[in-house]
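Since the structure comes first, as structure tokens, the remarks are kept for the end.
We name chains A, B, ... by the order of the sequence lines, and we start the count at 1 in each one.
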Amino acid sequence: MMPNPTISEFPDEAASPNPGHITAVVGSNFSGRSRFLKTRAGLEHHGAFRRANHDDLSVYIRPEVDLSISGLRPTTGAEVSYHLGENQQREGISQLLRVAGLADRLEQNPTTLSGGEQSALVFISKLGLNPSVLAVDCALEQLHPTLKDQLLTEAKRGEFSRTTFLLADNRLAECAVPMDASLESPFQQMGGNDDEKQIPLAPLDSSVTLPLNVNPISIELNELTFAYKRGNPVLRDISGKLTPGTIHVIRGRNGAGKSTLAKLLCGVLRCPSGSIKCGGRAVMPYYEPGRITAYHFQFADSQFVARTVGEDVASGPAARGLAGTTLAARVDAILAAFGLSALKEAEIFDLPYVLRKRVAIAATVATGAQWMIFDEPTLGQDEQSCRSLAAILSQLTSLGIGVIAISHSRFFVGLLKGQEHYLEDGIFKPMPKEVKP
Amino acid sequence: MLTPNPIARGLATLLALIGTFLARDAMLVVVVYLLVLLPLLACLRLTRTHTKFVFVGVLPLAVGLVILWGLVVGAAPGSPHGSAPAEGVKHAILVSARLAMIAGLFQLCFLSLPFGELMGVLAKWGVKSDGQILIASAFTVWPELQLRAGQIVTARYARGLVKNRSLLTTARQLPFLLRPLLTWALHTGILRAEMWHQQNLLEKAREASPPRNGTVLGSAVFVIAAAAWLAVNLFPLIR
């Protein structure tokens with residue numbers, strides 16, 4: 001890894017503090033945004049974060065937000081409390097918790113919160129550290145746009161006026177809160193992003209024909225109900241028919257049960273009541289998980305089962321009986337479609353987040369399952385990647401594969417041109433006007 | 001009222017641990033364990049955690065040791081094979097009871113405190129930043145492993161890599177679990193430790209729940225009790 005420059009080497013607008021202001025750090029993938037944010041948040045030349053003192057604390061929130069949760073104690077309340085330190089009574093923090101719907105869930109283990117709720121928790125708890133710089137690297141993309149607007153509006157209020165916010169977010173165009181300033185990654189101005197140049201990069205290529213061949217089937221849901229805790233159902237009597245040939249987009253607020261529904265469909269969770277029919281046949285996905293429906297997780301890192309990119313992508317089709325040249329051909333084509341051909345032998349955890357996310361999506365596509373669910377597939381992906389990804393998902397539907405996408409990105413949902421389902425209070429409801437693209 | 005101060009807490013634990021290591025009378029260890037340690041653990045609501053450890057860690061070991069020393073060797077260590085099976089069983093009970101006792105003492109000392117307070121206690125003992133991170137990591141590693149193990153198995157289900165949910169198929173997932181689990185544990189462990197360090201999180205946690213000073217009475221009771229336990233076990237050795 002090339003050593004990072006010191007902050008003083010950056011141009012003035014990138015190095016100077018801007019308390020109480022939110023500066024959008026704009027740029028495409030691999031433009032050096034993450035490196036810039038890390039450097040501003042105190043990454044040293046040798047790659048570790050500089051230990052800060054109380055008055056000059058800079059915090060970097062990584063895109064894989066679950067890794068920004070401290071893990072010190074098993075409740076949401078303690079997580080926030082341990083960030084607040086001596087000053088436990090902070091009205092601004094309490095207000096943010098209320099806005100995020102976390103105020104009445106302080107006893108819950110943070111790891112059991114939904115992805116979006118974890119994002120909100122991390123943002124709030126790191127604000128509780130009262131940092132001089134808060135560098136957010138695509139960590140708020142999982143938030144429902146309305147909630148993101150509310151959190152950013154609250155964050156700009158008086159209590160946090162000493163904090164300089166640096167926000168990298170590929171969905172800023174959908175954000176109603178105006179940014180105070182905009183900044184391109186200084187690495188581009190300084191001659192490129194040397195760190196990421198060492199990784200052979202290629203864009204997604206939706207023109208690659210995916211060698212997948214499935215027998216299209218529909219899915220019927222009949223009064224599906226599910227609760228993690230007795231008496232507190234997340235899904236209530238969900239019914240409907242999903243047919244292949246169009247992309248089904250599931251939308252809804254954070255914690256509405258979108259991922260839970262996906263997990264029921266692919267068989268990760270057991271459906272305690274209600275039934276699922278696939279192709280007219282009653283099935284219990286729990287007892288044959290992932291066979292009909294493969295699921296791409298929101299947190300890509302929790303999906304990997306192998307060491308290298310090639311092994312991980314090959315694992316799904318290999319488990320379905322593919323071998324030899326057929327398997328190799330499928331893996332190669334899918335790696336080419338996702339711009340990963342040159343990374344076939346690369347160790348997954350050596351790759352930056354944006355590429356790990358692509359590997360995880362590619363691995364789901366490679367399974368060749370009749371239905372595929374993509375949970376927030378565009379996290380960390382720039383506009384061009386979103387367009388290519390939408391084209392790849394469209395190609396899947398043209399091959400007869402049923403595709404379900406879960407996304408908060410209005411831009412991506414608009415690209416998909418699919419059938420939208422809005423989940424609220426555990427049931428499908430008509431789409432509210434304010435969430436339409 | 002009976003809360004010891006941080007120094008007394010450390011001293012009492014140390015004395016009790018040495019006493020337990022020196023103990024040679026299996027029945028005495030069992031009696032103290034049942035009549036003193038278990039009620040204390042119950043008062044501090046640690047019974048469940050302790051029982052889990054006993055059932056998962058101590059009991060299987062105890063059964064193994066009883067079979068080994070009581071049936072296979074048929075004698076305590078140092079005695080001729082088959083000479084005294086009852087002594088072999090007694091030795092097995094002593095080792096197992098000591099283990100349960102030591103685990104209980106550690107749980108009593110460390111788990112009875114809120115995390116932030118524990119960090120404060122460690123600071124009072126002179127454990128510096130890196131040492132605190134090491135100890136905090138020890139506390140977080142098991143929940144992290146549980147979480148990640150669940151995620152890896154779930155990932156295998158979600159990708160169709162596990163054909164069904166039979167017990168045999170589930171057991172067969174174990175080899176696939178180990179490598180990613182180890183990689184993940186190291187990966188997240190390093191990232192988390194760096195985050196605690198950079199963001200002063202352990203210090204903040206200490207500030208959030210500073211250690212209680214404890215009472216003189218509480219400190220005295222625990223230190224005297226631990227010293228008595230040490231003396232009881234030390235006396236027969238030096239006599």
Side-chain angles (χ1 to χ4, degrees), chain A residues 41-42 48-54 57-60 62 67-68 70-74 78 81-88 111 126 128-129 131 263 266-268 286-297 299 301-307 315-316 318-320 349 363-364 367 369 373, chain B residues 114-116 118-119 129 133 136-137 139-144 146-166 169 173 176-177 179-181 183-184 186-210:
Chain A
F49 280 97
R50 183 184 67 237
R51 183 172 165 86
N53 59 43
H54 278 289
L57 175 64
S58 300
V59 172
Y60 170 73
R62 51 184 72 250
L67 293 179
S68 291
S70 76
L72 290 172
R73 264 301 185 249
S81 164
Y82 287 168
H83 282 77
L84 293 178
E86 286 176 318
N87 193 0
Q88 290 287 308
T111 59
K126 299 306 172 194
L129 289 168
K263 287 173 186 169
C266 84
V268 165
Y286 182 76
Y287 292 106
E288 43 179 349
R291 302 307 286 179
I292 296 168
T293 308
Y295 176 44
H296 160 70
F297 287 72
F299 291 137
D301 288 349
S302 57
Q303 182 182 317
F304 299 121
V305 296
R307 189 174 59 88
S315 61
R320 285 172 158 77
F349 285 109
T364 304
T367 59
I373 305 174
Chain B
F115 182 80
L118 174 64
M119 290 298 118
S129 168
I133 286 178
S137 299
F139 278 94
T140 55
V141 73
W142 181 243
E144 184 70 30
Q146 281 180 312
L147 176 73
R148 295 300 168 196
Q151 284 181 338
I152 294 162
V153 173
T154 303
R156 294 185 65 78
Y157 285 141
R159 301 257 291 271
L161 306 185
V162 186
K163 282 186 182 148
N164 54 52
R165 295 213 180 229
S166 73
T169 313
Q173 301 311 305
F176 300 109
L177 188 72
R179 193 169 67 179
L181 189 59
T183 315
W184 247 115
L186 287 172
H187 179 69
T188 54
I190 291 166
L191 287 177
R192 287 238 159 85
E194 190 179 284
M195 178 172 70
W196 300 338
H197 183 71
Q198 194 250 342
Q199 297 172 6
N200 301 320
L201 282 185
L202 300 184
E203 204 175 308
K204 288 272 182 182
R206 275 207 312 266
E207 289 170 2
S209 47

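- Looking at B/L201, both its backbone and its side chain come within 4.5 Å of chain A, counting heavy atoms on both sides.
- Heavy-atom distances place both the backbone and the side chain of B/L161 under 4.5 Å from chain A.
- For B/S166, no part sits under 4.5 Å from any heavy atom of chain A, backbone or side chain.
- Counting heavy atoms from C-beta on, the side chains of A/K126 and B/M195 come closer than 4.5 Å.
- Interface residue B/L202: only side-chain heavy atoms are found under 4.5 Å from chain A.
- Side chains of B/N164 and A/E288 form no contact here, defined as non-hydrogen atoms less than 4.5 Å apart.
- When A/L67, A/V59, A/L84 are compared by the number of non-hydrogen pairs under 4.5 Å with chain B, A/L67 comes out ahead.
- For the ring pair (Phe, Tyr, Trp, His ring centres under 6.0 Å) test, no residue two or more places apart in sequence or in another chain qualifies with B/Y157.
- Here A/S68 contributes atom OG and B/R192 contributes atom CZ; the two are 8.5 Å apart, rounded to the nearest 0.5 Å.
- Minimum heavy-atom separation, B/A155 to A/S302: CB-O, 3.4 Å.
- Taking all atoms of both residues into account, the shortest heavy-atom contact from B/P114 to A/Y82 is C-OH, 4.3 Å.
- Your options are A/F304, A/F299, A/Y286, and the one with the most heavy-atom pairs under 4.5 Å with chain B is A/Y286.
- Using modelled atom types and a 3.5 Å distance limit, the side chains of A/S315 and B/R159 yield a donor-acceptor pair.
- Side-chain N or O atoms of A/R291 include none that pairs as donor or acceptor with a backbone N or O of B/K163 at under 3.5 Å.
- Here the closest heavy-atom approach between residue A/A319 and residue B/G160 is recorded as CB-O, 3.8 Å.
- Under the rule for a salt bridge (Lys or Arg N to Asp or Glu O under 4.0 Å), A/R320 has no partner lying at least two apart in sequence or in another chain.
- Neither the backbone nor the side chain of B/R206 comes within contact range of chain A; no heavy atom of the residue lies under 4.5 Å from a heavy atom of that chain.
- Considering all non-hydrogen atoms of both residues, A/A41 and B/Q198 come closest at O-NE2, 3.2 Å.
- Counting heavy-atom pairs closer than 4.5 Å to chain A, the top residue among B/P180, B/S129, B/G116, B/P143 is B/G116.
- Aromatic ring centres of B/W184 and A/F349 lie closer together than 6.0 Å.
- Smallest separation of non-hydrogen atoms from B/T140 and A/L72: CG2-CA, 4.0 Å.
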